[in-house]
Amino acid sequence: MIAATGLAACAVSCADKADEGDFKYLIDEFADLKVMRYKVPGWDELTLQQKEYVYHLGEAAKYGRDILWAQNCKFNLPVRHVIENIIANYKGDRTCEDYLQFETYAKRVFFSNGIHHHYSEDKFFPECSQDYFRSLMEAVGDGEKCAELLPVIYDPNIMPQRKSTDRNGDIVAQSAVNFYEGVTRAEVEKLYADMADPSDPTPVSYGLNSKVVKGADGKVCEQVYKVGGLYGEALEKICSELEAAAKVAENDVQKNYIAVLVDYYKTGDLRLWDEYNIQWLNDTLGTVDFVNGFVEDYNDPLGRKATWEGLVNFKDVEASRRTEIISANAQWFEDNSPIDARFKKKEVKGVSAKVINVATLAGDCYPATPIGINLPNADWIRREHGSKSVTIANITSAYSKAAQESPKNMLSEFAWDEAEIQMIRKYGDITDDLHTDLHECLGHGSGQLLPGTSPNALGEYSSTLEETRADLFGLYYMADPKLVELGIIPDKDAYKAQYASYIRNGIFTQFTRVELGRPNTEAHMQNRKLIADWCYEKGLKDNVIERKVRDGKTYFVVNDYEALRGLFGDLLAEIQRIKSEGDFEAGKALVETYAVNIDPALHKEVRERYAALELKPYGGFVNPDIVPVVKNGKTVDYKIEYTDDYLGQMMKYGVEYATLERL
């Protein structure tokens, strides 16, 4: 599971400050997006072997790019190829308004890894006319593709949502995601119900790495992602780079689990995926680490199939002391959780956490990336073997630095008074990082399913409810005196900065990201709204959270922080019950009641106030280039080069990491 991108960030490390110089973090802005660079502190302290290991892992991650594009929508790669052809070869006027509008659309498609918004999942459209787009395609020799692709690009009725939110229709048939072809929800659910063994204590994550199709004979079956199967060309490249990485791995544990991962890609056997995850969990000594595979199921309307993602990182030793303290006390947190004793783990196993700096983002982590990750996702592996959590320091640092480059900010506009502003400036970065730590390290790894409860029991609501559970765990413990005792929060009142910011964002300011009239559809945003709205409603009698209006502007103010903590605990207990028992109807009721529908008056107000700040609600990153330094035919080093050309990197990746034709 991943923690969504945050706007606040931790303080920059001393090493990062030392060479800050004129480094500019914010490099491009368009539509509702901003593109940034991140630095890679500590790179020069790595050995040559570690750098080579990072390099090959990074190449393996980037070779999965086309897979994600194909998974998000079957037309994404054809559309991208047309866009790349125009950018590379168009000889006409590139300064006119029409071309600039086309270029903005191209940047949006690159950012979202397809034609649907990376967060809202609605299809977006070029501002230039369809006739002009046609003229561009004809000018570069793609005229024969116009009849098929222009309706996909321009018609709002064709594939309007990547993941359908129409609860009255068939969300499988209506979703643009390329996980299903010619099948209904009922047919997919029957396929996997027939595969499942309810008595298996180590259930396979059936469907994680496949597409479900209906053949000409009417038979429903899977097309498995593997070498020689679906996406096989990309997986061959990935395997080759993983094998090169294994030769320079830091230890035998890494070599062994890379070998298992390669075997999994060659066979598609999900039992090997489980074996890989278990071995990967045991690698707590290495400095370099990575994520590579079909991991998160947020984009699947049924919450079963995983998109491609990759991320390569190495440990920030100094910053990791905080997360190591948290993970060392995991049993205390589990024992003292406000949930029913039936749902608590009697023995918390294998919880590890660290702070990292990333060197490569890829797949569903690029350009928009999480700020924290907790894996693996399989409940039985978490129960029996534990989990590994990371907080990504150089990404949160880059967000903070980029925000400082802007003269306007959200806090001054939406915080109630100067006291609240100063509290958040003092404690906001600290508590943001700590909440991410608690969410990833302990929240996702806490609790347990009752025997016989299917990990897929919550269906399309599972992602939202799981993120809600992890956030609540972090919020509840944020205020616990234990954190002061452990020395990981400065004083007993620091948590209030997180509470004030979380409620304001969840109930109000996050909807700057949603178009007027649209529902709230993204899992992390739903999670935050569910928590904030539920607590606001349940605390109305005691005025725990107050809605105030001043000069025609709305504010949400926490009046009773202790009572709010109690509400967080109450909701955590209920969400854990829902997950542990697999109570689909109760989970559905919570999400549909509190997480989806946005108050139209508040929505209009927050959008107008935010627009006046001239900020971009979404952010993502370009990767630094890791460049081999060759002397006399031998690689003697790997250096980091920081690009400031977003469009250039997208075009470069389109050439260097193209692995799939149209799928």
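Bear in mind the structure is a predicted one, so any value in this text is a computation, not a measurement.
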Phe124 ring centre to Arg108 NZ or CZ under 6.0 Å, with the angle to the axis within 45°? yes
Gln161 and His116: side chain donor to acceptor below 3.5 Å: no
Say whether Glu418 and Gln422, considering side chains only, have a donor N or O and an acceptor N or O under 3.5 Å apart. yes
Evaluate the side-chain hydrogen bond (donor to acceptor under 3.5 Å, both in side chains) criterion for residues Arg609 and Thr509: first the C-alpha distance (whole Å), next the side-chain angles of each, then the deciding distance (0.1 Å), finally the verdict. CA-CA 10 Å; Arg609 289 167 65 181; Thr509 58; over 6 Å; no
Between Arg80 and Phe110, is NZ or CZ placed under 6.0 angstrom from the six-membered ring centre and within 45° of the ring axis? no
Should the pair Arg577-Glu574 be classified as a salt bridge under the 4.0 Å nitrogen-to-oxygen rule? yes
Sort out for me which residue in Asp122, Asp32, Thr521 forms a side-chain hydrogen bond (donor to acceptor under 3.5 Å, both in side chains) with His117. Asp32
So, do Met525 and Val514 sit near enough that their side-chain heavy atoms are less than 4.5 Å apart? yes
Inspect the contact between Asp28 and Lys107 and indicate whether a charged nitrogen and a carboxylate oxygen are less than 4.0 angstrom apart. yes
Can Asp340 and Gln576 be said to form a side-chain contact (heavy atoms from CB on, under 4.5 Å), step by step? CA-CA 8 Å; Asp340 191 295; Gln576 184 63 62; over 6 Å; no
Take Tyr427 and Tyr495, measure what ring-ring contact (aromatic ring centres under 6.0 Å, His included) needs, and give me the verdict at the end. CA-CA 8 Å; Tyr427 295 121; Tyr495 77 93; 9.8 Å; no
Please check if the side chain of Asn527 supplies one atom and the backbone of Ala523 the other of a donor-acceptor pair under 3.5 Å. no
Please walk me through it: do Arg162 and Asn299 pass side-chain contact (heavy atoms from CB on, under 4.5 Å)? CA-CA 8 Å; Arg162 185 175 67 190; Asn299 290 3; 3.4 Å; yes
Is the backbone N or O of Ser175 less than 3.5 Å from a side-chain atom of Ser164, with the two atoms forming a donor-acceptor pair by type? no
Check whether more than 12 heavy atoms from other residues, nucleotides or ligands sit under 6.0 Å from atom NZ of Lys548, and answer yes or no. yes
Note: Arg518-Glu515 ion pair, threshold 4.0 Å (strictly below): no
Six-ring centre of Trp416, Arg550 cation under 6.0 angstrom, axis tolerance 45°: yes
How far apart are the C-alpha atoms of Tyr476 and Phe568, what are their side-chain angles, what is the distance that settles it, and do they pass the ring-ring contact (aromatic ring centres under 6.0 Å, His included) test? CA-CA 6 Å; Tyr476 178 79; Phe568 288 149; 8.6 Å; no
Taking atom types as modelled and ignoring hydrogens, do the side chains of Glu296 and Asn377 form a donor-acceptor contact shorter than 3.5 angstrom? yes
Would you say the side chain of Glu466 lies within less than 4.5 Å of the side chain of Ile575, judging by non-hydrogen atoms? no
Determine whether Val596 and Gln526 make a side-chain contact, defined as any pair of heavy atoms from C-beta on separated by less than 4.5 Å. yes
ring-ring contact (aromatic ring centres under 6.0 Å, His included) for Phe102 and Tyr99? Distances and angles first, verdict last. CA-CA 5 Å; Phe102 157 76; Tyr99 186 84; 5.4 Å; yes
Give the minimum heavy-atom separation between Cys96 and Tyr132, together with the two atoms involved. SG-OH, 3.8 Å
Ion pair check, Lys354 and Asp316, cut-off under 4.0 Å: no
Between Phe414 and Tyr610, does the ring centre distance come in under 6.0 Å? no
Given the rule in the side-chain contact (heavy atoms from CB on, under 4.5 Å) test, do Asn543 and Asp560 qualify, once you have shown the distances and angles that lead to the verdict? CA-CA 8 Å; Asn543 203 29; Asp560 191 333; over 6 Å; no
Can you find a heavy atom in the side chain of Leu26 that is under 4.5 Å from one in the side chain of Glu405? yes
CG-CZ distance between Asp155 and Phe125, expressed to the nearest 0.5 angstrom: 7.5 Å
How about Asn559 and Glu546: does a side-chain donor come under 3.5 Å of a side-chain acceptor? yes
Do you know which of Tyr618, Tyr38, Phe621 makes ring-ring contact (aromatic ring centres under 6.0 Å, His included) with Tyr399? Phe621
Heavy-atom closest contact (Asn76 atom, Asn113 atom, distance): ND2-O, 3.5 Å
Check Glu413 with Lys553, please: is the shortest side-chain N to carboxylate O separation under 4.0 Å? yes
Are Glu440 and Val390 side-chain neighbours, meaning at least one heavy-atom pair lies under 4.5 Å? no
Would you compute the distance between atom CG of Asn72 and atom NZ of Lys163 and round it to the nearest 0.5 angstrom? 11.5 Å
Rounded to the nearest 0.5 Å, what separation is found between the CG atom of Leu590 and the OG1 atom of Thr593? 7.0 Å
Do Thr468 and Arg528 have side-chain atoms, one donor and one acceptor, less than 3.5 Å apart? no
Rounded at 0.5 Å granularity, tell me how far CG in Asp437 sits from OG1 in Thr431. 11.0 Å
How far apart are the closest heavy atoms of Ile171 and Asp166, and which atoms are they? CG2-O, 3.4 Å
With no hydrogens and no angle check, do the side chains of Thr554 and Glu605 hold a donor and an acceptor under 3.5 Å apart? yes
Interatomic distance, CG@Leu572 vs OG@Ser337, rounded to 0.5 Å, equals 5.0 Å
Under a 3.5 Å threshold, yes or no: a donor from one side chain and an acceptor from the other, between Tyr461 and Glu592? yes
Let's go through Glu420 and Tyr555 carefully: what are the C-alpha distance in whole Å and the side-chain angles of both, what is the deciding distance for side-chain hydrogen bond (donor to acceptor under 3.5 Å, both in side chains) to 0.1 Å, and is it a yes or a no? CA-CA 12 Å; Glu420 184 177 329; Tyr555 301 84; over 6 Å; no
What are the two closest non-hydrogen atoms of Tyr499 and Leu475, and how far apart are they? OH-O, 2.6 Å
Heavy-atom closest pair, residues Arg565 and Asp480: NH2-OD2, 2.9 Å
Given Leu361 and Ile395, is the side-chain contact (heavy atoms from CB on, under 4.5 Å) satisfied, shown in steps? CA-CA 10 Å; Leu361 304 169; Ile395 292 297; 4.2 Å; yes
Flag side-chain contact, heavy atom, 4.5 Å: Val544 against Cys535: no
Between Asp364 and Tyr298, do the side chains contain an N or O donor and an N or O acceptor separated by less than 3.5 Å? no
Heavy-atom side-chain proximity of Phe333 to Phe473 below 4.5 angstrom: yes
Does any non-hydrogen side-chain atom of Cys128 lie less than 4.5 Å from one of Phe133? yes
Aromatic plane relationship, Phe30 with Tyr646 - under 30° parallel, 30 to 60° tilted, over 60° perpendicular: parallel
Roughly how far, to the nearest 0.5 Å, is the NE2 atom of His435 from the CD1 atom of Ile371? 9.5 Å
Please name the pair of heavy atoms, one in Lys39 and one in Asn394, separated by the smallest distance, quoted to 0.1 Å. O-ND2, 2.8 Å
Among side-chain atoms of His439 and Asn374, is any donor-acceptor pair under 3.5 angstrom? no
